[in-house]
Amino acid sequence: MLNLRAVGIFASSSARCLVLSFALAASLGNFSISPGLAASALNVPHAPAGSLPTTIVAPPDPESLDQDGLMQPTPRSSSISSRLMLPDLRTLPPGDLEIVILPNGSRELRLSNTIWNSGAGALELEGEINPRTRMTRVVQNVHARAGAELEHLVGEFVWHPTHDHWHFAGFSIYELWTLAPTGALDEIVSSSDKVSYCVIDTDIIDRQNQGFEPRRGYYGCGRALQGLSAGWGDTYKSFLDGQEIHLAGVEDGFYALKSTTNPDASLLEANYSNNAALLYLSIQGTRLELVAPEALAERRCSENGWC
Ligand SMILES: [Zn+2]
């Protein structure tokens, strides 16, 4: 269960008019927030009329995965207030795919991966060092129109020893799936660990995004502030540590490669159903071939006899 507990709500009549801070203590599992908490936020004195979200929306229950493991929109996620300028995280189809042989003779699949933000607002991650535990917990700042701001505890920054900088933990995951005769995803045969990222603006993906700014908003891999601006993407190249799926024990054949950002739905975003990218692959030894979805049935029929 991801039980959320409000440990502090305060109002400030600063230049930003009103700041609501929700420091939310969380543990793994389902996310819930009490209607009473949301209601109390709306009753904070000095709140400009109409400036606050009318609903505070939790991520979907991870158990709402469909058969392909993709998040399905839920009544909760569809009721997100339009006043919150939420990010919307998506994954581009992975690139630079190659199979390499490791010194021990086993194979691994390497990939470049880009996560981008198609939402109305930035993904902003602010680190707060706990001097007692020396951990750096991460708070997501979500801005709202009319100057309100919501802060939500989302995880940790962790030191990456080979990248030599700070990462946000659990930003993505890469999975290799077998395919059922229908072509639907069947079983995971190999997976990366949850992949941590230094979350910064590296690539412009969508200049047409209403919140797009041509200057990079987030560019440092420290533990004070990371983020992903609207319309920008964050690419991790295939040669970097962590950009692999081990293929030990994986037979040659047809597979689906699925790359999913925000896999635990820990980050607040506008839409949880568009976080994954899917590619179909043919793996033969060290030979890797992308297979178009419309060609998959014919290829499996002619090569595997699955007709
Ligand atoms: Zn890194």
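In listed order, ligands and their atoms are each counted from 1.
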Pair V158-R223, side-chain contact (heavy atoms from CB on, under 4.5 Å): steps then yes or no
CA-CA 8 Å; V158 294; R223 57 174 165 170; over 6 Å; no

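- Because the distance cut-off is set at 2.8 Å, C198 fails to qualify as a neighbour of the Zn ion (ligand 1), as none of its N, O or S atoms comes that close.
- Residue C198 is tested with H163, H160, Q226 for a side chain to side chain contact (heavy atoms under 4.5 Å, CB included); the sole match is Q226.
- Put simply, H160 stays out of reach of the Zn ion (ligand 1), with no N, O or S atom under 2.8 Å from it.
- Within 6.0 Å of CD in E213 there are 12 or fewer heavy atoms belonging to other residues, nucleotides or ligands.
- Closest heavy-atom contact between S172 and N113: OG-ND2, 3.7 Å.
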Audit row: K237, D96, salt bridge (charged side-chain N to carboxylate O under 4.0 Å, His left out) steps and yes/no:
CA-CA 8 Å; K237 289 294 206 177; D96 303 325; 3.8 Å; yes

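- Take the N/O/S atoms of H163: the one nearest the Zn ion (ligand 1) is ND1.
- For the Zn ion (ligand 1), the N/O/S atoms of Y236 include one lying under 2.8 Å.
- Rounded to 10°, the angle formed at the Zn ion (ligand 1) by NE2 of H167 and NE2 of H165 is 100°.
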